[in-house]
Amino acid sequence: MVNDMNDNIITNASNPIIDGKAPHLKCTKQDISDIVLLPGDPARVKMVGSLCDSFNIIAENREYTVGVGIYNNIRITVCSTGIGASSTEIAVLELIELGAKALIRIGGTGVLRKDIQLGDLIINTGAVRRGGSSNFYAPIDYPAVASYEVIQTLVDACKKNNQKYHLGISGSVGSFFAGQGRKVLGKDFNSENVLNEYINLNVLNLEMESETIMTLGSIFGVMTGSICAVHANRITDEWLVNFEQPQLNMCKTVLDACVDLSSKL
């Protein structure tokens with residue numbers, strides 16, 4: 001870094017690491033553990049922290065809140081991504097540059113099957129790539145797939161915690177309203193056909209971040225996965241308002257999975 005004649009601090013625009021800290025996450029390599037959990041909501045960082053043996057928030061900037069804790073003697077970082085692909089892209093790439101080896105999305109999702117109950121857990125094995133940001137890194141026929149090791153540890157943790165879970169492919173979409181088949185502000189953007197396309201492809205659920213995590217993880221050689229609690233069923237048209245307990249169940253489950261995954265890194 002240098003100071004210009006107006007006493008502005010100037011650094012490299014192509015990769016602006018400042019005092020060893022990533023420009024958006026405001027963290028150093030020492031702050032990031034091998035396993036990082038990725039909620040969209042910054043508030044969920046503290047929810048995970050409430051289940052840890054110890055936990056500290058180390059950075060807060062824009063949509064990114066980063067905390068580090070200990071759970072059953074395993075060091076775990078939690079970093080919120082905000083909503084959607086573009087903010088998730090930034091978090092994922094900065095975390096990988098800082099040394100993360102496994103990235104697991106934790107969040108909420110809407111399902112496309114009548115038999116799946118609100119509060120159940122969804123483990124995605126892969127995702128339809130409609131987030132947008134990953135298209136700049138790989139052609140659309142490059143797959144977004146979760147790591148086998150992560151999937152297995154998530155399944156085992158669900159069984160251990162007696163959590164009902166479902167495995168399948170996510171529709172990971174860079175739109176909450178029209179892109180997920182919702183009518184909005186009195187207009188219908190082909191909503192019925194949007195949902196029917198996903199249903200015909202046996203897509204299990206809709207959300208907004210997992211394909212970005214999976215695609216970039218594969219490109220840059222880190223493990224990835226996704227587990228979400230069901231807060232909506234698009235077939236029965238139900239939305240769970242009091243969502244905290246399913247989220248806590250999911251957080252406890254994924255922390256147990258992290259203990260198992262730590263031995264596989």
Side-chain angles (χ1 to χ4, degrees), residues 37-40 81 83-85 88-89 92 102-135 137-159 163-182 190-219 222-236 238 246 250 253-254 257 261:
L37 303 180
L38 299 174
T81 64
I83 297 174
T88 300
E89 170 206 11
V92 166
L103 303 171
I104 304 175
R105 163 159 160 66
I106 58 173
T109 191
V111 293
L112 298 174
R113 271 182 23 200
K114 186 176 182 179
D115 62 298
I116 297 178
Q117 312 241 329
L118 301 177
D120 287 359
L121 299 182
I122 301 295
I123 299 170
N124 286 129
T125 55
V128 180
R129 285 183 53 205
R130 290 186 174 172
S133 292
S134 70
N135 297 354
Y137 298 86
I140 198 63
D141 47 358
Y142 186 93
V145 291
S147 303
Y148 169 80
E149 298 89 344
V150 178
I151 295 169
Q152 190 60 61
T153 57
L154 291 171
V155 167
D156 290 344
C158 285
K159 292 177 179 177
Q163 294 296 314
K164 189 175 181 182
Y165 69 93
H166 310 267
L167 288 160
I169 293 172
S170 160
S172 196
V173 190
S175 165
F176 180 79
F177 290 101
Q180 295 187 33
R182 290 182 171 93
N190 205 24
S191 59
E192 185 175 347
N193 287 337
V194 169
L195 282 183
N196 282 337
E197 179 187 19
Y198 289 118
I199 292 167
N200 289 336
L201 293 172
N202 202 27
V203 168
L204 184 63
N205 62 300
L206 297 175
E207 48 77 48
M208 300 181 69
E209 292 83 28
S210 66
E211 74 95 344
T212 306
I213 297 165
M214 293 175 186
T215 303
L216 294 177
S218 292
I219 292 170
V222 304
M223 292 184 184
T224 62
S226 175
I227 184 169
C228 293
V230 175
H231 67 185
N233 189 311
R234 299 300 305 282
I235 307 305
T236 62
E238 296 175 301
M250 176 194 65
T253 299
V254 77
L261 182 63

With sequence neighbours left out, write down each residue that passes salt bridge (Lys or Arg N to Asp or Glu O under 4.0 Å) with Arg113, or none if nothing qualifies. Asp115

With sequence neighbours left out, the residues meeting side chain to side chain donor-acceptor pair (under 3.5 Å) with Tyr198 are Arg130

Mind checking side chain to side chain contact (heavy atoms under 4.5 Å, CB included) for Cys228 and listing every partner two or more places apart, or none if nothing turns up? Arg105, Thr109, Ser226

Between Ser172 (side chain only) and Ser210 (backbone N and O only), is there a donor and an acceptor less than 3.5 Å apart? yes

Looking at Ile169, Leu112, Asn124, which hits side chain to side chain contact (heavy atoms under 4.5 Å, CB included) with Asn205? Asn124

May I ask you to decide if Leu206's main-chain N or O and Arg234's side chain share a donor-acceptor pair within less than 3.5 Å? no

Of the non-hydrogen atoms in Ala157 and Thr253, which two are nearest, and what is the gap between them? CB-O, 3.2 Å

Over all heavy atoms of both residues, which pair between Gly168 and Leu204 is shortest? Give the atoms and the distance, please. N-CD2, 3.6 Å

Would you mind writing out the side-chain donor-acceptor pairs for residues 138-151 within the sub-3.5 Å range, not counting sequence neighbours?
unit_1	atom_1	unit_2	atom_2	d
Ser147	OG	Thr224	N	2.9
Tyr148	OH	Gln152	OE1	3.4

Heavy-atom closest contact (Glu209 atom, Thr81 atom, distance): CG-OG1, 4.2 Å

Nearest atoms (heavy-atom pairs only) where Glu207 meets Ser170: OE2-OG, 2.6 Å

Here the pair of heavy atoms bringing Phe176 nearest to Met208 is N-CE, 3.8 Å

What do the steps show when you test Ile116 against Ile235 for side chain to side chain contact (heavy atoms under 4.5 Å, CB included), and what is the final call? CA-CA 10 Å; Ile116 297 178; Ile235 307 305; over 6 Å; no

Any sub-3.5 Å donor-acceptor pair from Glu211's side-chain atoms to Gly171's backbone N or O? no

For Thr153, what residues pass the side chain to side chain contact (heavy atoms under 4.5 Å, CB included) criterion, not counting sequence neighbours? Ala257, Asp260, Leu261, Lys264

Return yes when atom CD1 of Ile199 has more than 12 non-hydrogen atoms of other residues, nucleotides or ligands closer than 6.0 Å, and no otherwise. yes

Measuring only between side-chain heavy atoms, which start at C-beta, is Leu201 closer than 4.5 Å to Val128? no

Side chain to side chain contact (heavy atoms under 4.5 Å, CB included) filter on Leu118, not counting sequence neighbours, yields Val230, Asn233, Glu238, Leu240

What heavy-atom pair brings Gly131 and Ala85 nearest, and what distance separates the two atoms? O-CB, 3.5 Å

Here the gap from Leu38 atom CG to Ile106 atom CD1, rounded to the nearest 0.5 Å, amounts to 8.0 Å

Within this structure, what is the CG-CE distance for the pair Asp120 and Met250, rounded to the nearest 0.5 Å? 13.5 Å

From CA spacing to verdict: side chain to side chain contact (heavy atoms under 4.5 Å, CB included), Val155, Leu167: CA-CA 9 Å; Val155 167; Leu167 288 160; 4.0 Å; yes

